[in-house]
Amino acid sequence: MTEAVEQRHFIQQIIDADIESGKWGPPGDRSVITTRFPPEPNGYLHIGHAKAIHISHGLAREYGGKFNLRFDDTNPAKEEVEFVESIKRDLEWLGTKWDGEVCFASDYFGQMYDWAVELIEKGLAYVDESTPEQIREMRGKVGHAGTDSPFRDRPVSESVDLFAKMKAGEIENGKMVLRAKIGMDSTNLNMRDPVMYRVVNAPHHRTGDQWHIYPMYDWAHGLEDSIEGVTHSLCSLEFQDHRPLYDWFIDAINQDRSDDDAIHHPQQIEFSRLAISYTNMSKRYMRQLVEENRVDGWDDPRMITLASFRRRGYTPESIKDFVVGVGVTKFNAMMDMGRLEGALRDDLNKRAPRRMAVLDPIKLIITNWGEHGDESRTETMAGINHPKDETLGTRPLNFAKELYIERDDFMIDPPKKFFRLGPDREVRLRCGYWVKCHDFKTDGDGKVTEVYCTYDPHTKGGNNPPADSEGKVRKVKGTIHWVNANEAVDVEVRLFDRLYNAERPGKKTGDHLDDLNPDSLHVVTNAKVEPCLVEQMSDEPKWPDGIRRFQFERLGYFCVDSDSTREKMVFNRTATLRDSWAKKS
RNA sequence: GAGGGAUUAGUGUAAUGGUAGCACGAGGGUUUCUGAUACCCUUAGUAAGAGUUCAAAUCUCUUAUCCCUUACCA
């Protein structure tokens with residue numbers, strides 16, 4: 001027996017060391033640790049965000065520190081209130097609670113402006129009247145130095161005046177920017193006199209027409225973190241090249257300040273973002289799918305937004321299990337989509353109540369039903385709601401002469417390894433009776449329409465029949481699901497396949513639409529389900545998010561879709577069950 | 001043509017100079033009123049090369065491959 005050592009990922013190791021050294025407060029004080037999730041409200045959250053959320057939130061909770069939700073709303077052109085609301089909803093659904101009020105970068109615009117003026121006065125920033133094209137040109141290319149702007153050495157007072165005019169709305173879009181004065185020869189292009197402010201004469205969803213200049217990400221982000229006392233500002237790998245700038249801006253503000261006046265300097269740490277096979281995390285791609293109606297909105301169950309996972313029936317717990325399982329590294333990993341499904345199945349298998357539904361029904365008629373009682377009778381069986389969790393109890397299942405079974409569960413000429421129904425084959429009807437097929441009927445196309453069976457009255461409830469005179473008990477290999485033909489309710493069931501056929505959509509041709517799977521949605525309109533799926537029973541377990549989830553036995557996990565009406569229920573297949581039979585054949 | 005980051009079983013992730021481990025997958029088996037679940041077994045790895053060292057996944061160098069950066073987006 002070796003003692004299990006808790007594995008600490010690289011960010012935890014950094015924080016552990018910080019706490020020991022007292023970098024952020026008294027040594028040993030864990031509660032100073034502050035993290036944040038800083039979405040831009042310009043789209044829906046996707047599963048990649050769930051990883052970022054759980055890392056930052058999980059760290060804050062682990063250390064007993066603070067976690068902020070902050071909207072990085074620095075670009076009024078692309079941002080909308082709709083997204084603020086959807087993001088808050090998604091976080092709540094995930095079970096992520098932020099500390100204090102929701103923060104907005106726009107609340108700090110005044111403070112940022114003052115600091116920008118301070119930088120101008122220190123000679124560390126200047127107003128540039130070059131065109132965007134000229135600025136791009138002067139920035140230079142990789143491997144070659146850039147050139148100075150002709151406005152670079154203008155007097156401080158001139159920049160102060162012009163910056164005030166920019167702020168006052170006296171300058172047209174694109175005519176002026178405020179740039180940091182760092183140097184045009186850095187090998188890091190981000191450091192070549194980056195733009196701090198641009199003129200945007202457009203209303204902001206929160207500040208209205210108060211501002212006519214808006215801060216750029218690199219200038220704003222570290223300041224937002226600083227104001228909020230964030231200690232560890234976690235972001236994805238592509239910001240590694242921005243870290244020198246993140247640090248430069250805070251150092252520039254602190255230049256010439258005493259220790260008492262210095263602003264807080266958080267530490268930016270980068271980790272790899274989540275990638276999943278057969279998907280693409282690009283917000284741009286998702287937006288295109290929605291806007292071109294390739295999918296049915298941001299919450300289409302085939303998408304990978306959190307809203308779509310929710311609608312499809314995924315549990316927030318399974319998403320958390322998945323992203324935690326991915327780990328925290330700097331390696332650009334590609335996760336298998338099956339891993340996410342696996343996490344989902346693990347969770348739903350434990351919690352989802354079982355029901356029976358037939359997606360592609362054929363009629364099964366018990367020809368000897370009248371020989372053991374009234375032919376029109378129904379017999380009520382106890383349907384086991386969960387094979388491993390008896391506290392979920394049973395539900396009544398009404399067995400009768402005419403049932404529906406799954407088309408896939410009958411073969412006219414079945415191979416030996418087929419454990420289901422066929423001529424002269426006997427199977428157990430789940431929680432019902434054993435039936436043996438003696439005949440069937442087909443239509444003109446040879447399609448089976450009806451299957452005729454006899455049942456064994458000694459197998460009620462699905463139990464084994466008594467032993468014969470030699471002490472042997474008859475066995476069946478297969479158990480199949482069924483619904484009562486008289487009571488079954490017609491519902492719509494939506495079956496989803498992957499949205500893309502390629503492991504990396506768009507990789508080959510450059511256009512992700514080329515890899516779209518044309519058969520990603522199958523709608524079954526005449527599925528038959530147990531009545532209790534429509535007439536909900538009082539003891540049906542409640543899910544915290546209000547979504548009704550079930551396992552349809554032998555078929556998979558399903559949930560009630562929001563399109564459901566009293567007249568027509570709609571179910572989404574969240575995931576299939578693992579199927580080693582289908583894999584073999 | 002530059003800079004930054006990365007590379008450990010099929011996939012993901014540990015081991016921080018001292019026994020290369022875990023999970024998922026895959027293959028096989030047991031149990032089973034879901035061809036599910038559960039349980040058991042098997043499988044397979046340090047990108048390549050050189051160096052330092054008693055000892056290297058770990059330190060150094062070279063090479064290869066992949067990702068990021070050339071927005072008045074974030």
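Chain identifiers are assigned alphabetically (A, B, ...) following the order of the sequence lines, protein sequences preceding nucleic acid strands; residue numbering begins at 1 within each chain. These numbers were taken from a predicted model, which means no experiment stands behind them.
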Nearest listed nucleotide, side chain of A:M216, among B:rC72, B:rU34, B:rU13: B:rC72

Between A:I384 (CD1) and B:rU37 (C1'), how many Å, whole number? 14 Å

Under 4.0 Å between a side-chain N or O of A:K175 and OP1 or OP2 of B:rC72? no

Over all strands shown, is A:Y433 touching base, sugar-phosphate only, or nothing at heavy-atom distances under 4.0 angstrom? nothing

Paired with B:rU53 by Watson-Crick or G-U wobble geometry, both distances under 3.5 Å: which nucleotide is it? none

When all nucleic acid strands are considered with a 4.0 Å heavy-atom cut-off, which category describes A:T74: base, sugar-phosphate, or nothing? sugar-phosphate

Taking the P atom in each of B:rG5 and B:rA23, what is the distance between them to the nearest angstrom? 34 Å

Look at A:K477 together with A:E426 and state whether they make a salt bridge at an N to O cut-off of under 4.0 Å. no

Do A:D193 and A:K181 meet the salt-bridge criterion of a basic N to acidic O distance under 4.0 Å? no

State which of B:rC73, B:rA2, B:rG12 makes the closest approach to the side chain of A:M334. B:rG12

As its Watson-Crick or G-U partner within any shown strand, both distances under 3.5 Å, B:rA36 has none

Quote, to the nearest angstrom, the P distance that separates B:rC66 from B:rG29. 41 Å

Side-chain N or O of A:R198 closer than 4.0 Å to phosphate OP1/OP2 of B:rC73: yes

Separation of the P atoms in B:rA36 and B:rC68, to the nearest angstrom: 41 Å

Determine the Euclidean distance between corresponding C1' atoms of B:rU32 and B:rC40; express it in Å to zero decimal places. 15 Å

Salt bridge flag under 4.0 Å for residues A:K330 and A:E270: yes

Given B:rU32, is OP1 or OP2 found less than 4.0 Å from the side-chain N or O atoms of A:T479? no

Taking only side-chain N and O atoms of A:R504, does any of them lie within less than 4.0 angstrom of OP1 or OP2 on B:rC66? no

Measure NZ/A:K330 against P/B:rU13 and give the value in whole Å, please. 14 Å

B:rU70 pairs with which nucleotide, Watson-Crick or G-U wobble, both distances below 3.5 Å? none

Pair A:D579 + A:R554, salt bridge at N-O below 4.0 Å: no

It should be established whether A:R136 places a side-chain nitrogen or oxygen under 4.0 Å from OP1 or OP2 of nucleotide B:rA71. yes

Looking at every strand, decide which applies to A:I135 at a 4.0 Å heavy-atom threshold: base, sugar-phosphate, or nothing. base

Applying a 4.0 Å non-hydrogen cut-off, can you work out what A:K417 is touching in the nucleic acid: base, sugar-phosphate, or nothing? base

Gap between atoms CD and P, on A:E238 and B:rC73 respectively (whole Å): 17 Å

Say we look at B:rA57 and B:rG49: how far apart would their P atoms be, to the nearest angstrom? 13 Å

Do the side-chain N or O atoms of A:R578 get closer than 4.0 angstrom to the phosphate oxygens (OP1, OP2) of B:rC24? no

Can you tell me which nucleotide in B:rA36, B:rC72, B:rU7 comes closest to the side chain of A:P132? B:rC72

Could you please name the option among B:rG4, B:rU11, B:rU69 that lies closest to any side-chain atom of A:Q240? B:rG4

Atom-to-atom span, CZ of A:R273 to C1' of B:rG12 - whole angstrom: 19 Å

Ignoring hydrogens and geometry beyond distance, is the side chain of A:R243 in donor-acceptor contact with the base of B:rG4 at under 3.5 Å? no

Short side-chain N/O contact to B:rU13 OP1/OP2 from A:T329, under 4.0 Å: yes

Between A:Y126 and A:F151, is the ring centre distance below 6.0 Å? no

Between A:Y217 and A:E40, is any side-chain donor less than 3.5 angstrom from a side-chain acceptor? no

A:F331 has a side chain; which of B:rU13, B:rG3, B:rC72 sits nearest to it? B:rU13

Given B:rG5, B:rG35, B:rA14, the nucleotide with the shortest approach to the side chain of A:R554: B:rG35

Between A:N188 and A:D579, the residue closer to the 5' end of RNA chain B by nearest nucleotide is A:N188

Answer yes or no: is there an ion pair linking A:E406 with A:R420, defined by an N-O contact shorter than 4.0 Å? no

For the C1' atoms, the ones on B:rA47 and on B:rU53, what distance do you get once it is rounded to whole angstrom? 23 Å

Which whole number of Å gives the distance between the P atom of B:rA56 and that of B:rU60? 15 Å

Under 4.0 Å, counting only non-hydrogen atoms across every strand here, what does A:K388 touch: a base, just sugar-phosphate, or nothing? base

Inspect the surroundings of CD in A:E390 and state if more than 12 heavy atoms from other residues, nucleotides or ligands are less than 6.0 Å away. no

If you check every side-chain atom of A:H242, which of B:rA74, B:rU13, B:rG5 has the closest atom? B:rA74

Charged N-O contact under 4.0 Å between A:E129 and A:K175: no

Taking atom P of B:rG25 as reference, at what distance in whole Å does atom CD of A:E341 sit? 11 Å

Closest approach to the side chain of A:K141, judged atom by atom: which nucleotide of B:rU34, B:rU11, B:rU70 is it? B:rU70

Below 4.0 Å: OP1/OP2 of B:rC67 and any side-chain N or O of A:K507: yes

Sugar-phosphate, base or nothing in reach of A:S130, heavy atoms under 4.0 Å: base

Looking across every strand, which nucleic acid part, if any, lies under 4.0 Å from A:E553 by heavy atom: base, sugar-phosphate, or nothing? base

When you match A:G432 and A:P39 each to their closest nucleotide on RNA chain B, which lands nearer the 5' end? A:G432

Can you check whether any acceptor in the base of B:rU16 is under 3.5 Å from a donor in the side chain of A:Q13, or vice versa? yes

Pick base, sugar-phosphate or nothing for A:R420, based on heavy-atom distances below 4.0 Å to the nucleic acid. base

Verify the contact: side-chain N or O of A:S580 to OP1 or OP2 of B:rA36, cut-off strictly under 4.0 Å; return yes or no. yes

Answer yes or no as to whether B:rG35 has its base stacked against A:F419, where stacking requires a ring-centre separation under 5.5 angstrom and planes under 30 degrees apart. yes

Side-chain ion pair, A:R206 and A:D107, N-O less than 4.0 Å: yes

Checking base pairs now: Watson-Crick or wobble, both atom distances under 3.5 Å. What partners B:rA47? B:rU63

Please tell me if A:K583 has a side-chain N or O lying less than 4.0 Å from either OP1 or OP2 of B:rG27. yes

Please classify the nucleic acid contact of A:N463 as base, sugar-phosphate, or nothing, using heavy-atom distances under 4.0 Å. base

Who pairs with B:rC24 - Watson-Crick or G-U, where each distance is under 3.5 Å: B:rG10

Within the modelled atom types, does a donor on one side and an acceptor on the other bring the side chain of A:Q551 and the base of B:rU34 under 3.5 Å apart? yes

Answer yes or no as to whether B:rA74 has its base stacked against A:Y217, where stacking requires a ring-centre separation under 5.5 angstrom and planes under 30 degrees apart. no

Within the modelled atom types, does a donor on one side and an acceptor on the other bring the side chain of A:R354 and the base of B:rU34 under 3.5 Å apart? yes

Using atom C1' in both nucleotides, what's the gap between B:rU62 and B:rU70 to the nearest angstrom? 29 Å

Within the structure shown, what part of the strands sits under 4.0 Å from A:P387 by heavy-atom distance: base, sugar-phosphate, or nothing? base

Quick check on A:E137: does its CD atom have over 12 non-hydrogen neighbours (other residues, nucleotides or ligands) under 6.0 Å away? no

